[in-house]
Amino acid sequence: MIHKLLVLCFLMLLSFSSQAQEIEMADRLRADGKIWVVVAVFLVTFAGLILYLIRLDTKISKLEKEILK
């Protein structure tokens, strides 16, 4: 199972690298200095998702312990 997942991730990374091209919109954002806004929004969203998953994991662990008692 984990072997298939690793192969899939490797193939996805390989396909992304082969499609790496200059994108006009990204060039414009970089030139205007607005790329940092995009990066900041991405990081805040990613951090929020990680915090949500951590909180969810702690709640599930607490419920599992309560059920097993």
* Can you list every pair that meets salt bridge (Lys or Arg N to Asp or Glu O under 4.0 Å) and has a residue in residues 38-56, with sequence neighbours left out? ->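 Every pair satisfying salt bridge (Lys or Arg N to Asp or Glu O under 4.0 Å) with a residue in residues 38-56: there are none.
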* To do: Would you list the pairs meeting salt bridge (Lys or Arg N to Asp or Glu O under 4.0 Å) in which at least one residue belongs to residues 32-43, sequence neighbours left out?
  =>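 Qualifying pairs: R28-D32.
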* Asked: Of all residues at least two apart in sequence or in a different chain, which pass the side-chain contact (heavy atoms from CB on, under 4.5 Å) check with D57?
  -> S61
* Report the residues that fulfil side-chain contact (heavy atoms from CB on, under 4.5 Å) with L43, sequence neighbours left out, ordered by chain and then residue number. =>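 Checked L43 against side-chain contact (heavy atoms from CB on, under 4.5 Å); matches are V39.
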* Asked: F46: which other cluster members, linking ILVMFWY side chains closer than 4.5 Å, directly or transitively?
  ->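 Same cluster as F46: I50, I54.
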* Asked: In the hydrophobic clustering that connects Ile, Leu, Val, Met, Phe, Trp and Tyr at side-chain heavy-atom distances below 4.5 Å, which members other than I60 occupy its cluster, ordered by chain and number?
  ->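 L49, Y52, L53, L56, listed by chain and number.
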* Do V38 and W36 belong together in a cluster built from hydrophobic side chains that touch within less than 4.5 Å? ->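 Yes, one cluster joins them.
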